Amino acid sequence: MSIDFLAHYIDKIDETLDDKAQLAAIIKEAELELSVEQFANLLEAFPLTSRLSIWSLLSAEFKQDAFLEMKDESRVLLLNALDDVDCFPLFEKLDATDLIELSESLSNRFIDYAVTQMTAKQRKFFKSAQDYSVDELGRWQSFDDIQMLHKFKVSAAKKVCAKPLPLLTEVIYIIDENAKLLGQIAVNQLVNYDNETLLVDVMDKDIEVVASNAAIVDAADTVIASGRAALPVVNENGCLTGRLDIHSAYKYKEQQTENQLIKSGGLVDEEDLFSSVWLSSKNRAVWLGINLLTAFLASWFIGLFEATLQQVVALAVLMPVVASMGGISGSQTLTLIIRGLALGQITDANRQAIVKKELKVGLINGLLWATVISYITYVWFQMPLLSLTIFVAILGNIVIASLSGVWVPWLLDKLNIDPALSGAVILTTVTDIFGFIAFLGCGTLFLL
């Protein structure tokens, strides 16, 4: 369903917020027409007061589904606005995987209540998932895999498969009495085996697995590249603990990309459109402050050439051109590299090739635009040496910006600092300082 169709519902609801009967009819229609994910996005398009009016008209089952699909901060805003008697039903009948996804943004009283509503099996899964950090696969694995003991017969497996299976189930995992993974059998192959045959005799022992303590980002890439609907997750002892399916792998990758996009603007993860003014201001103030410090650093370097600026006023007029060209060139490369890092396309093996390519791009664009700008400068000021000064500065700054666009995010990634969050600030500082030093330095050398 298109974004335009979603916007259509936003307009319809906005027009009927004061008419409860008409609003209820539109909400009922939206429940039928929109997916749960789309409805969650629809809710987040309204201020909190309007959101609560819409929420009150949803069916109980749809409320829980939509709640699970909301952004973290949107859930917190809703929980803070509702009474506990309205909140607690949202945490009934959750499985371990759902609660793990929610637990990072929930208060303990909601987590404790949700745990008490779980079956003993789901409580065990939830506890085992908490033994892993948020960056490890074991934290995010699902527990809906189908597993059977190796001593069972094919007939037992056929009975299991006669019932509805979890989505993306294409194999049955075969384990021993200690839950050690021995092999797997494709569901669509069971019909080829005699009912009295032992599972251990027909299972496929050559299986690809992912370790429960592996980084979730690496595990997601492994599943996506495997061509399988899911891969089994095993612990350090080779025991089956769950699985990671292709849907969850892509969902994690999409979330990672979205978070990097949000952070690139200096925001926190999953900031709600209508979060409080104070919270939004606080979230953004940190990087504005860091940017201010880097701006003062650039200004300090400019101050070193105060005498030059006093004697050649034209330099001050042209300084923004130098800074702007370097910043734009660097940001283009930075965006490309951050996307490559997020998709796992950039490694130590191909880094040098990327550097060489960006160096050539920087040289070509640098020569082109340095020539254009130096010509405009000559026509404007009729000063050949000033044209030479800006030619050298523009060429050097675009080349440095292109190289910095590669090296800055790569180094930040190696230091486990999100390049989407801090790369732009650092890159701008590098290009501004180098551009000003090159321009004003050459100006001092050529014009005084």
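Only heavy atoms go into these numbers, but all of them, side chains included; no hydrogens, no water, no symmetry mates. The structure displayed is predicted, hence computed values, not measured ones.
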Taking every non-hydrogen atom, the tightest pair across L17 and S50: CD1-OG, 3.4 Å
Minimum side-chain heavy-atom gap W407-V355 below 4.5 Å: yes
Could you measure the distance from the SG atom of C239 to the CG atom of N178? Nearest 0.5 Å is fine. 6.5 Å
Anything under 30° is parallel, anything over 60° is perpendicular, the rest tilted; go ahead and classify F88 against Y113. tilted
Determine yes or no for a side-chain-to-main-chain donor-acceptor pair under 3.5 angstrom, with R243 supplying the side chain and V233 the backbone. no
Does either side chain, that of Q141 or that of Y132, offer a donor lying less than 3.5 Å from an acceptor on the other one? no
Please determine if D112 and R109 form a salt bridge, counting it only when a charged side-chain N lies under 4.0 Å from a carboxylate O. no
Heavy-atom pair with the smallest gap, counting every atom of A40 and A66: CB-O, 3.9 Å
Assess whether side-chain contact (heavy atoms from CB on, under 4.5 Å) is satisfied between L57 and I27, documenting all intermediate values. CA-CA 7 Å; L57 299 173; I27 296 302; 4.2 Å; yes
Look only at the side chain of S331 and the backbone of I328, and say whether a donor-acceptor pair between them is shorter than 3.5 Å. yes
Do S59 and K28 pass the side-chain contact (heavy atoms from CB on, under 4.5 Å) test, and can you show the C-alpha distance, the side-chain angles, and the key distance before you say yes or no? CA-CA 9 Å; S59 62; K28 185 176 181 179; over 6 Å; no
What are the two closest non-hydrogen atoms of G405 and I337, and how far apart are they? O-CG1, 3.4 Å
Under 3.5 Å, is there a donor-acceptor pair between the D144 and S142 side chains? yes
Has N397 got a side-chain atom pairing as donor or acceptor with A393's backbone, closer than 3.5 angstrom? no
Can any side-chain N or O of E92 pair as donor or acceptor with the backbone N or O of Q117 at less than 3.5 Å? no
Verify whether one side chain among E136 and S212 offers a donor that lies under 3.5 Å from an acceptor in the other. no
Please walk me through it: do L336 and I354 pass side-chain contact (heavy atoms from CB on, under 4.5 Å)? CA-CA 11 Å; L336 182 69; I354 295 172; over 6 Å; no
Would you check if there is a donor-acceptor pair between the side chains of N192 and Q189 at a distance under 3.5 Å? yes
When rounded to the nearest 0.5 angstrom, what distance separates CG in N365 from NZ in K360? 14.5 Å
Rounded to the nearest 0.5 angstrom, the CD1-CD1 distance for I172 and I185 is 6.5 Å
Is any side-chain heavy atom of L102 closer than 4.5 Å to one of L106? yes
Any pair with a residue in residues 176-214 that passes ring-ring contact (aromatic ring centres under 6.0 Å, His included), sequence neighbours left out, goes on the list, sorted by first then second residue, please. none
With rounding to the nearest 0.5 Å, note down the distance linking CZ in F46 to CH2 in W55. 14.5 Å
Where the side chain of T431 meets the backbone of L427, is there a donor-acceptor pair that is under 3.5 Å apart? yes
May I ask you to check whether T119 and Q122 show a side-chain donor-acceptor distance below 3.5 Å? no
Might you work through the side-chain hydrogen bond (donor to acceptor under 3.5 Å, both in side chains) test for E208 and S226, ending with a clear yes or no? CA-CA 8 Å; E208 185 177 4; S226 71; 4.8 Å; no
Heavy-atom closest contact (T16 atom, L23 atom, distance): O-CB, 3.5 Å
Are side-chain heavy atoms of F125 and L99 found at a separation under 4.5 Å? no
Under 3.5 Å side-chain donor-acceptor pair for E358 and T333: yes
Is E61 atom CD crowded by more than 12 heavy atoms from other residues, nucleotides or ligands, each under 6.0 Å away? no
Is there side-chain contact between H150 and I175, with heavy atoms separated by less than 4.5 Å? no
Please examine the side chains of Q64 and P89, heavy atoms only from C-beta on, and report whether any two atoms are closer than 4.5 Å. no
Is there a donor-acceptor pair under 3.5 Å between the side chain of E170 and the backbone N or O of A229? yes
N/O donor to acceptor pairs below 3.5 angstrom from side-chain atoms of residues 194-203, sequence neighbours left out:
residue: D194; atom: OD2; partner: E196; partner atom: N; Å: 2.9
residue: N195; atom: OD1; partner: K158; partner atom: NZ; Å: 2.8
residue: E196; atom: OE1; partner: K153; partner atom: NZ; Å: 2.7
residue: T197; atom: OG1; partner: D194; partner atom: O; Å: 3.2

Rounding to 0.5 Å, atoms CG (N237) and OG1 (T241) come to a distance of 11.0 Å
Determine, step by step, whether Y252 and I224 satisfy the side-chain contact (heavy atoms from CB on, under 4.5 Å) criterion, reporting the C-alpha distance in whole Å, the side-chain angles of both residues, the deciding distance to 0.1 Å, and the verdict. CA-CA 11 Å; Y252 177 82; I224 292 170; over 6 Å; no
Tell me if a side-chain donor or acceptor on S404 pairs with a main-chain N or O of I400 at a distance below 3.5 Å. yes
So do the side chains of I13 and I54 get within less than 4.5 Å of each other, counting heavy atoms only? yes
Are R139 and I100 packed together at the side-chain level, in the sense that at least one heavy-atom pair is separated by less than 4.5 angstrom? yes
Pair K151 + D176, salt bridge at N-O below 4.0 Å: no
Salt bridge between K12 and E29, side-chain N to carboxylate O under 4.0 Å? yes
Could you tell me which non-hydrogen atom of A211 sits nearest to which non-hydrogen atom of L137, and how far apart they are? O-CD2, 3.4 Å
Does the ring center of F91 lie less than 6.0 Å from the ring center of F67? yes
Do D245 and S248 have side-chain atoms, one donor and one acceptor, less than 3.5 Å apart? yes
To the nearest 0.5 Å, what is the distance between NZ (K253) and CG (D221)? 3.5 Å
Looking at S329 and M325, would you say the former's side chain and the latter's main chain have a donor-acceptor pair under 3.5 Å? no
Closer than 3.5 angstrom, by distance alone: can the side chain of D19 be matched with the main-chain N or O of Q22 as a donor-acceptor pair? yes
L167 atom CG, over 12 foreign heavy atoms within 6.0 Å: no
Judged by atom type as modelled, is there a donor-acceptor pair below 3.5 Å linking the side chain of D83 to the main-chain atoms of D86? no
Flag the pair D65 / F39 as yes when at least one side-chain heavy-atom distance between them is below 4.5 Å, and no otherwise. no
Closest non-hydrogen atoms of G362 and I398, given as atom of the first, atom of the second and distance, are O-CG2, 3.5 Å
